[in-house]
Amino acid sequence: METSTQGAERPDGDGTAGQDPQAVAVGASVPGARPPASLSPSRASDFMQCPLLYRFRVIDRLPERPSEAATRGTLVHAVLERLFDAPAVERTAPRARSLVPGQWERLRESRPEVVELFADDPGGERLARWLGEAERLVERWFTLEDPTRLEPAERELFVEAELESGLTLRGIIDRVDVAPTGEVRIVDYKTGKAPRPEYAEGALFQMKFYALVVWRLKRVLPRRLQLVYLGSGDVVTYDPVPADLERVERKLLALWEAIRLATETGEWRPRPTKLCGWCDHQAHCPEFGGTPPPYPLPVRAEASGDGEQGRMGPG
């Protein structure tokens, strides 16, 4: 499951992707806005990266432009999912490449906004290069795994579990493999490059999130978590233990408490990082001289006074 600073190009189980841009006019309240009700890996990462970004995506539901990288990730995921529809002996690299054009057409039909990516490419040269890059990523997968020897138990599996605290966790797992002896492996495809070791924990957080949901939902501890990096040709594995997932659960509960407090007070502070350069919402961000839309949810009375920059009280 690919994540991006430009926003997810497919839903992450929390219903925040694919919002109708016409439903969110700049500077206007969101009709039917409601407090967050669940947490997914992408939205948890958003809040950790920048609470204000979380607000823009989950509460304001501001539209975001599709990006070439994230859309290519969606396309490659679709090809790898569909390849397993074929008998094992037919799961070859040429067959996988042949699926790319058809899956691109399906993506254009289901997500018309992605057509904007190549609106300034009337000759189709840039689109052809982009599709060629997707084909190369698909081909690289065959150097990392052998699909003729795999029979996934699940593909694009939506999972949802409610913790004892009442927090609902949800997400979409790219692939679940179950060995004849019952061991579960959770697999996630990444179309980017593997991060340096000092930055690997972010990707593992996502996988541990999925493992926690499966553990709480099925009472089965996944034997292995596997990240397949098609951009660099790396496979990263991690074998979780209960203590790992219990730590993740505590972290998520703390995150949810912080989200709950921000929701009630309207205090969504920006957190500037180098990722701000790729953010679609600079025009609404105080760090860039912008003004957020009026806060569409009620706030506690004590949060209605004057505040410092980054405070998001009622407009």
Side-chain angles (χ1 to χ4, degrees), residues 1-4 8-17 36-49 54 58 70 73-74 76-78 80-81 84 141 144-145 150-165 167-179 182-192 194-195 199-230 234-256 259:
M1 179 165 307
E2 194 73 7
T3 58
S4 166
E9 291 298 325
R10 60 178 182 169
D12 191 27
D14 55 9
T16 60
S38 63
L39 196 59
S40 72
S42 294
R43 300 295 78 82
S45 296
D46 284 346
F47 189 83
M48 290 187 289
Q49 176 186 324
Y54 177 97
V58 176
T74 302
V76 170
H77 277 75
L80 299 186
E81 181 189 6
F84 284 105
W141 178 56
L144 305 174
E145 296 191 287
L150 295 171
E151 291 298 339
E154 301 286 353
R155 291 172 276 156
E156 296 292 313
L157 174 66
F158 174 78
V159 290
E160 180 179 80
E162 182 176 326
L163 305 181
E164 290 184 0
S165 64
L167 170 60
T168 297
L169 304 179
R170 54 177 57 179
I172 300 175
I173 301 174
D174 289 343
R175 198 179 86 217
V176 178
D177 300 331
V178 179
E183 289 93 347
V184 173
R185 176 172 64 181
I186 296 176
V187 181
D188 197 76
Y189 307 120
K190 300 291 186 184
T191 49
Y199 299 112
E201 187 55 37
L204 283 177
F205 168 77
Q206 175 189 355
M207 298 302 284
K208 291 176 183 178
F209 184 110
Y210 294 142
L212 173 62
V213 175
V214 171
W215 189 33
R216 294 305 189 208
L217 187 64
K218 303 292 186 180
R219 306 302 183 200
V220 174
L221 179 70
R223 173 69 179 82
R224 173 154 294 181
L225 310 179
Q226 181 167 302
L227 287 156
V228 181
Y229 287 95
L230 304 176
D234 294 296
V235 176
V236 177
T237 62
Y238 183 83
D239 297 341
V241 297
D244 287 335
L245 304 189
E246 289 167 353
R247 282 192 293 271
V248 170
E249 184 169 0
R250 289 194 296 270
K251 180 174 184 176
L252 291 172
L253 291 175
L255 274 176
W256 190 245
I259 290 171

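Residues Ile259 and Leu39 form a side-chain contact, since some pair of their non-hydrogen atoms from C-beta on lies under 4.5 Å apart. Side chains of Leu230 and Leu144 form a contact here, defined as non-hydrogen atoms less than 4.5 Å apart.
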### Message
Let's go through Leu204 and Leu227 carefully: what are the C-alpha distance in whole Å and the side-chain angles of both, what is the deciding distance for side chain to side chain contact (heavy atoms under 4.5 Å, CB included) to 0.1 Å, and is it a yes or a no?
### Response
CA-CA 8 Å; Leu204 283 177; Leu227 287 156; 4.2 Å; yes

### Query
Leu245 and Lys208: side chain to side chain contact (heavy atoms under 4.5 Å, CB included), yes or no, with the steps?
CA-CA 6 Å; Leu245 304 189; Lys208 291 176 183 178; 4.2 Å; yes

### Query
Step by step, would you call Phe205 with Leu252 a side chain to side chain contact (heavy atoms under 4.5 Å, CB included)?
CA-CA 10 Å; Phe205 168 77; Leu252 291 172; 3.7 Å; yes

### Message
For a side chain to side chain contact (heavy atoms under 4.5 Å, CB included) check, start with the C-alpha distance between Asp239 and Arg224, then their side-chain angles and the critical distance, and finish with the verdict.
### Response
CA-CA 5 Å; Asp239 297 341; Arg224 173 154 294 181; 2.8 Å; yes

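Taken to the nearest 0.5 Å, the OG atom of Ser42 stands 6.5 Å off from the CD atom of Gln206. Taking CD1 of Ile173 as the reference point, atom CE of Met207 lies at 8.0 Å (rounded to 0.5 Å). In this structure, CG in Leu221 is found 11.0 Å from CD in Glu183, a value given to the nearest 0.5 Å. The CD atom of Glu249 sits 8.5 Å away from atom CG of Leu167, with the distance rounded to the nearest 0.5 Å. In this structure, CG on Leu163 lies 7.5 Å from OG1 on Thr168, to the nearest 0.5 angstrom. Separating the CG atom in Leu255 from the CZ atom in Arg250 is a distance of 13.5 Å, to the nearest 0.5 Å.
Results of the salt bridge (charged side-chain N to carboxylate O under 4.0 Å, His left out) test with Arg175 over Glu156, Glu81, Glu145 single out Glu145 as the only residue that passes.
What you find for Tyr54 and Arg43 is that their closest heavy atoms are CD1-O, 3.4 Å. Residue Ala161 comes nearest to Arg216 through the heavy atom pair CB-CB, 4.4 Å, listed as atom of the first residue, atom of the second, then distance. Of all heavy-atom pairs spanning Tyr210 and Asp188, the tightest one is CE1-OD1, 4.0 Å. Considering every non-hydrogen atom in both Ala200 and Pro195, the closest pair reads CA-CG, 3.9 Å. Considering all non-hydrogen atoms of both residues, Val228 and Val187 come closest at CG2-CG1, 4.0 Å. Residues Leu225 and Ala211 share a closest heavy-atom pair of CD2-CB, 3.8 Å.
Residue Glu164 places its CD atom among 12 or fewer non-hydrogen atoms of other residues, nucleotides or ligands, all under 6.0 Å distant.
Remark: Tyr238 engages Asp244 in a side-chain hydrogen bond (donor to acceptor under 3.5 Å, both in side chains) (not counting sequence neighbours).
Asp234 places no side-chain N or O within donor-acceptor distance of the main-chain N or O of Tyr229, the cut-off being under 3.5 Å. Put simply, the side chain of His77 gets close to the backbone of Tyr189: a donor and an acceptor are under 3.5 Å apart.
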